[in-house]
Amino acid sequence: MDSTGKNIRLTLTGASHAPEVGFTLEGIPRGTVIDMDALRADIRRRSAAAHPNSTPRRETDDFSIRSGIADGIADGSQISFAFPNRAHDSSAYNLVARPSHADYAAYTKYGGNVDIRGGGKYSGRMTLPLVAAGSICRGILSRRGIDIFGHVLRIGAVSDERFDAMLDKRPPMDELFPLVDGSVKAAMERAMADARSRGDTLSCEAECAVTGLPTGLGEPLFDSVEGTLSKLLFMIPGLRGVEFGEDRILGSRMNDQFTDGGRTLTNHSGGVNGGMTNGQPLIFRCWFRPIPSIALPQTGFDLQKGVPVPLTISGRHDVCILPRGLVAVECAAAIGLLDLIME
Ligand SMILES: Cc1cc2nc3c(=O)[nH]c(=O)nc-3n(C[C@H](O)[C@H](O)[C@H](O)COP(=O)(O)O)c2cc1C
C-alpha cells in the first residue's frame with residue numbers, strides 16, 4: 001500500500017525515474033496556514049546539493065501544488081504536490097539486480113512488471129514527498145507547542161553524545177549537520193571521505209526528540225506511539241531499526257521515579273509507557289544500513305537469464321544516509337504524531 005494513516009491520510013506517488021514523485025495528504029483542517037519557508041527549508045535539508053559528501057544527482061526539488069492550498073492556506077480538501085524528476089540517468093540501469101537493493105525482491109514479486117530504475121519507488125528519492133508532507137504536519141504540531149528535532153548520533157564508528165533525555169532545553173545545533181557535540185563533525189566527515197576513497201559505504205544512526213506532547217497520546221493496543229511512528233519510519237529506505245528510550249540491564253536503573261505533578265526524575269523510558277506518551281520528551285533512535293551501492297566489484301543477478309553476474313555499480317552515490325536522511329526521520333514522526341493527535 002502506498003497510503004497510510006487514519007485521521008491524517010498520506011499517499012506517496014511516483015518513483016525514482018518516473019516523470020515525478022509526489023504526495024497527497026488528507027485531513028489537514030481548512031484554514032491551516034502552511035509555512036512555505038519552513039517547508040522549503042526542510043526540503044533543502046534533504047537535498048543532495050546541501051550535503052557535499054552525497055550523491056551528485058542534483059535535483060532542483062522544485063514542486064507544483066496541485067490542490068488543497070490557496071495563497072498559503074489549506075482549503076480543507078486533499079493537498080497534493082508534485083516534484084518533477086529531471087536529473088536522473090536511466091541509461092546506467094539494466095535488468096541486473098544490485099546486491100541488497102530492492103531490485104530482486106520487487107522484480108520477483110511483480111513478475112517483472114515493475115519500474116526498478118534507480119530503485120523505483122524503493123529509492124531514497126521517495127523521502128522528498130515524505131519530507132514535504134511531514135513538514136506541513138510539523139508546522140501544525142509546532143503551533144501546538146510540539147517541537148521535533150534530531151541529530152546525527154553515529155556515522156560509521158564515530159559517535160556523537162546522546163540527548164540528555166530530560167531535554168530541559170533544546171541544544172543549539174547546526175541545521176544541516178546537527179550534533180549535540182559539534183566537535184565530532186570533522187571525524188564523521190573524515191570517516192565518510194575514507195569510506196568513499198575505499199569504494200565503500202557506512203552505517204549510521206539518528207536520534208530524534210519530541211517535546212511538548214500531551215500525556216496519553218497513542219491508542220493501545222495496535223495504534224501505539226511506537227507502532228504508529230515505526231510504520232512511517234520504516235518507509236525510509238535503508239532504515240533497519242527503531243528503538244525508544246534506553247536499554248538498561250537492571251529495572252532499578254531503568255525505572256523513572258516520580259516527583260511532583262506526575263513528572264519523573266529521569267526519562268529512561270524515552271517518554272512512552274504502554275504505547276502512550278507519559279509527559280516526558282519522546283526519544284527514539286533509528287539506525288540505517290550502509291548504502292548498498294558500493295563502488296567495489298560485486299555479484300549481481302541477471303533477472304532475465306536467472307544467473308549471477310559480475311557487477312560494478314557506476315556513478316557516485318551517497319556514502320551514508322545521514323545527515324541527508326535526518327529530516328525524513330523528523331518528518332515521518334510528525335505525520336504519525338499528528339495522526340494520533342487528530343483522533
Ligand atoms: C536520503 C537517502 C539517500 C539514499 N541514497 C542512496 C544512494 O545514493 N545510493 C543507494 O544505493 N542507496 C541510497 N539510499 C538507500 C537505498 O534507497 C536503500 O538502501 C535501498 O532502496 C534498499 O532498501 P532497504 O535498505 O530499506 O532494504 C538512500 C536512502 C535515503 C533515505
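As the structure lists them, so they are numbered: ligands from 1, and atoms in each ligand from 1. Keep in mind it's a predicted model, so treat the numbers as computed, not measured.
- No donor-acceptor pair closer than 3.5 Å links the side chain of Ser224 to the backbone N or O of Leu221.
- The local environment of CZ in Phe301 is crowded, with over 12 non-hydrogen atoms from other residues, nucleotides or ligands closer than 6.0 Å.
- The single protein non-hydrogen atom nearest to atom 20 (C) of ligand 1 is His101 ND1, 4.0 Å, given as residue, atom name and distance.
- Not one N or O on the side chain of Arg240 forms a donor-acceptor pair closer than 3.5 Å with the backbone of Trp287.
- Considering each of Gly315, Pro292, Ser123, Ala106, the one bringing a non-hydrogen atom nearest atom 19 (O) of ligand 1 is Pro292.
- Contacts of Arg289 with ligand 1, taken as heavy-atom pairs under 4.0 Å, involve the side chain alone.
- With hydrogens left out, the protein atom closest to atom 26 (O) of ligand 1 is Gly238 N, 2.8 Å, a heavy atom.
- With respect to Arg45 and Glu330, a salt bridge is recorded, a charged nitrogen being found less than 4.0 Å from a carboxylate O.
- The nearest non-hydrogen atom to atom 16 (C) of ligand 1, considering only Gly325, Ser54, Pro237, Ser47, comes from Pro237.
- Ranking protein heavy atoms by distance to atom 21 (O) of ligand 1, first place goes to Tyr122 O, 2.8 Å.
- Hydrophobic clustering keeps Leu167 apart from Leu229 (ILVMFWY residues linked when any side-chain heavy atoms are closer than 4.5 Å, directly or through intermediates).
- Atom 28 (C) of ligand 1 has its closest protein heavy atom at Ile291 CD1, 3.9 Å.
- Within the 4.0 Å heavy-atom cutoff, Arg240 counts among the residues contacting ligand 1.
- Contacts between Asp318 and ligand 1, counted as non-hydrogen atom pairs separated by less than 4.0 Å, involve both the backbone and the side chain.
- Of all atoms in ligand 1, numbered sequentially from 1 with element shown, those under 4.0 Å from a heavy atom of Ile236 are 31 (C).
- Formation of a donor-acceptor pair under 3.5 Å by the Asp318 side chain with backbone atoms of Cys320 is not found in this model.
- In this structure, Phe163 and Phe149 have side chains that are in contact, with non-hydrogen atoms separated by less than 4.5 Å.
- Shortest contact from atom 30 (C) of ligand 1 to any protein heavy atom: Gly124 CA, 3.7 Å.
- With atom 7 (C) of ligand 1 as the reference point, the heavy atom nearest to it among Met126, Arg324, His317, Arg125 is part of His317.
- Atom 11 (O) of ligand 1 has its closest protein heavy atom at Ser293 OG, 2.5 Å.
- Of all protein heavy atoms, the one closest to atom 22 (C) of ligand 1 is Ser100 O, 3.8 Å.
- Using a 4.5 Å cut-off between side-chain heavy atoms of Ile, Leu, Val, Met, Phe, Trp and Tyr, with links allowed through other members, Met276 and Leu340 fall into different hydrophobic clusters.
- Using a 4.5 Å heavy-atom cutoff, the side chains of Leu337 and Leu141 are in contact.
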